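First the structure, in the form of structure tokens, and then the observations on it.
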2 protein chains.
Amino acid sequence: MVRGALASLLNLEPDIEVVAQVSRGDEVVAAAAAAIPDVALLDIEMPGRTGLDAADELARALPACRILILTTFGRPGYLRRAMEGGAAGFLLKDAPASELASAIRRAIAGERVVDPGLAAAALSEGESPLTPREHEVLLASREHATVADLAQALFLSPGTVRNHLSSAMQKLDARNRAEAVRVAEEKGWL
Amino acid sequence: MVRGALASLLNLEPDIEVVAQVSRGDEVVAAAAAAIPDVALLDIEMPGRTGLDAADELARALPACRILILTTFGRPGYLRRAMEGGAAGFLLKDAPASELASAIRRAIAGERVVDPGLAAAALSEGESPLTPREHEVLLASREHATVADLAQALFLSPGTVRNHLSSAMQKLDARNRAEAVRVAEEKGWL
DNA sequence: GGGCGGGCGTGACGTTTGTCACCCCGGATT
DNA sequence: AATCCGGGGTGACAAACGTCACGCCCGCCC
């Protein structure tokens with residue numbers, strides 16, 4: 001509904017035409033390859049595939065296509081990943097709707113469009129202190145209740161899992177897994 | 001942005017006029033009292049106050065005003081609460097945008113508008129098996145890492161907290177707090 | 001070549017957690 | 001009067017958790 005509504009509004013702009021819409025992250029690249037848009041507007045949380053992942057591949061497949069990320073959650077980690085992935089801009093859904101059209105125009109003009117407050121937050125928070133493995137274990141810990149489960153799912157020894165978790169918890173200043181997950185999610189590191 | 005976009009679209013409909021918009025749940029009743037709308041369209045997750053809570057009070061303050069809940073998450077528990085609170089309809093944001101206007105018209109006509117699949121899910125899942133206290137403790141456990149913290153925050157003995165948690169975990173078929181919270185959230189019982 | 005960090009593992013240790021049995025109380029049901 | 005349920009509490013116990021020290025390997029970098 002949201003996508004449809006925004007598309008309708010954008011189509012009312014005389015200089016903007018919506019040439020394609022998809023509902024899933026894993027349909028983005030195919031649709032863009034077919035429609036060859038000037039700008040791709042991507043959400044982050046999507047079924048099938050993250051908007052950030054889709055952006056990475058889209059940037060390789062259609063280098064001429066400018067990418068704008070439009071998301072609900074202003075996690076600094078998201079912003080960083082988006083910019084490193086070659087996005088031209090990063091918008092929050094709680095910005096006024098008028099900003100969307102102007103951001104698209106500015107993206108076409110070659111500017112980078114980033115919410116200033118969010119950019120500051122991204123710089124101040126720094127990037128994730130977690131090693132890839134720690135990140136992976138913490139991620140999996142959301143879906144597996146016990147260390148034994150976790151170890152089996154990751155093909156690791158239970159001891160190693162606990163070591164990774166313990167190390168992650170120290171880095172995140174948390175007193176247990178659950179808190180570590182919360183903190184990591186808040187900072188956009190998960 | 002989403003609210004603004006939907007409002008713009010609705011204003012394009014000849015028979016619909018958007019008379020007020022607010023961004024916070026705790027501003028709903030005041031705005032409605034000033035604008036006296038025929039229909040109130042409420043999200044659930046809002047800063048300040050839940051849309052469901054706002055709906056309850058709105059139904060008391062302006063009984064003539066029809067209430068439509070428009071939300072991202074189709075949790076059966078949400079639906080139940082909304083209907084018990086006197087809402088005229090319950091829409092999901094992933095429905096097509098065209099359905100929104102028609103739902104508003106049907107609400108004015110006195111119909112109840114509910115996503116059929118969601119209604120079935122609500123009936124099949126049943127309501128929360130948790131006692132009020134268990135619910136409360138589980139809710140608080142999201143923000144307090146240890147039992148000791150939890151006990152202090154709720155003015156309870158640590159043992160009692162663990163008893164409540166244990167009982168909740170059994171009812172939710174979970175092996176620890178974190179899993180219990182996940183399950184309860186999924187079912188819309190939290 | 002040596003140092004360093006990441007990944008994987010083990011063993012030991014103390015703490016926390018989850019479970020259970022059992023206690024009391026008050027209100028509602030029968 | 002007896003029963004049940006929700007709430008609050010205690011004490012004990014085993015299991016799970018989080019921490020630490022230590023070992024090994026590999027790759028990178030000075």
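Everything quoted here is computed from the prediction, not taken from an experiment.
With rounding to whole Å, A/N176 atom CG is found 10 Å from C/dG18 atom P. In this structure, the CG atom of A/L165 is 14 Å from the P atom of C/dG9, given to the nearest Å. Taking atom CZ of A/R162 as the reference point, atom P of C/dT15 lies 16 Å away to the nearest angstrom. Residue A/M169 contributes atom CE, which lies 12 Å from atom P of C/dT16 at whole-angstrom precision. One can place CG of A/L154 at 13 Å from C1' of C/dG7, the figure rounded to the nearest angstrom. As rounded to whole Å, 14 Å separates atom P of C/dG18 from atom CD of B/E134.
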Show your reasoning for whether side chain to side chain contact (heavy atoms under 4.5 Å, CB included) applies to A/E45 and A/T71. CA-CA 8 Å; A/E45 279 95 8; A/T71 184; 3.8 Å; yes
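Using a 4.0 Å cut-off between charged side-chain N and carboxylate O, A/E136 and A/R133 make a salt bridge. Salt-bridge annotation for A/R3 and A/D43: absent, with no side-chain N of the basic residue lying under 4.0 Å from a carboxylate O of the acidic one. Residues A/D149 and B/R175 are paired through a salt bridge, judged by an N-O separation under 4.0 Å between the basic side chain and the carboxylate.
Within 4.0 Å (heavy atoms only), A/A145 reaches sugar-phosphate atoms of the nucleic acid but no base atom. Residue B/L156 is in sugar-phosphate contact alone, with no base atom involved, counting any heavy-atom pair closer than 4.0 Å across all strands shown.
For C/dG6, the base has no donor-acceptor partner in the side chain of A/R133 [N/O atoms by modelled type, under 3.5 angstrom]. B/N163 contributes a side-chain N or O that forms a donor-acceptor pair with the base of C/dC20 under 3.5 Å.
A donor-acceptor pair is defined here as one N or O able to donate and one able to accept, closer than 3.5 Å; such a pair exists between the side chain of A/T131 and the backbone of A/E134.
The same ILVMFWY cluster, assembled from side-chain heavy atoms under 4.5 Å apart, contains both A/V28 and A/I44. Clustering ILVMFWY residues whenever any of their side-chain heavy atoms sit less than 4.5 angstrom apart, transitively, puts A/L9 in a cluster other than the one holding A/V2.
Side-chain nitrogen and oxygen atoms of A/S157 include at least one within less than 4.0 Å of the OP1 or OP2 phosphate oxygen of C/dT10. OP1 or OP2 of C/dG9 has at least one side-chain nitrogen or oxygen of A/T160 nearer than 4.0 Å.
Two residues, B/R177 and B/Q170, neighbour DNA chain C, and the one matched to the more 5' nucleotide by heavy-atom proximity is B/R177. Mapping B/G159 and B/P132 onto DNA chain D by nearest heavy atom places B/P132 at the nucleotide closer to the 5' end.
Bounding nucleotides for the chain B contact on DNA chain D, 5' to 3', at a heavy-atom distance below 4.0 Å, are D/dG6 to D/dA12.
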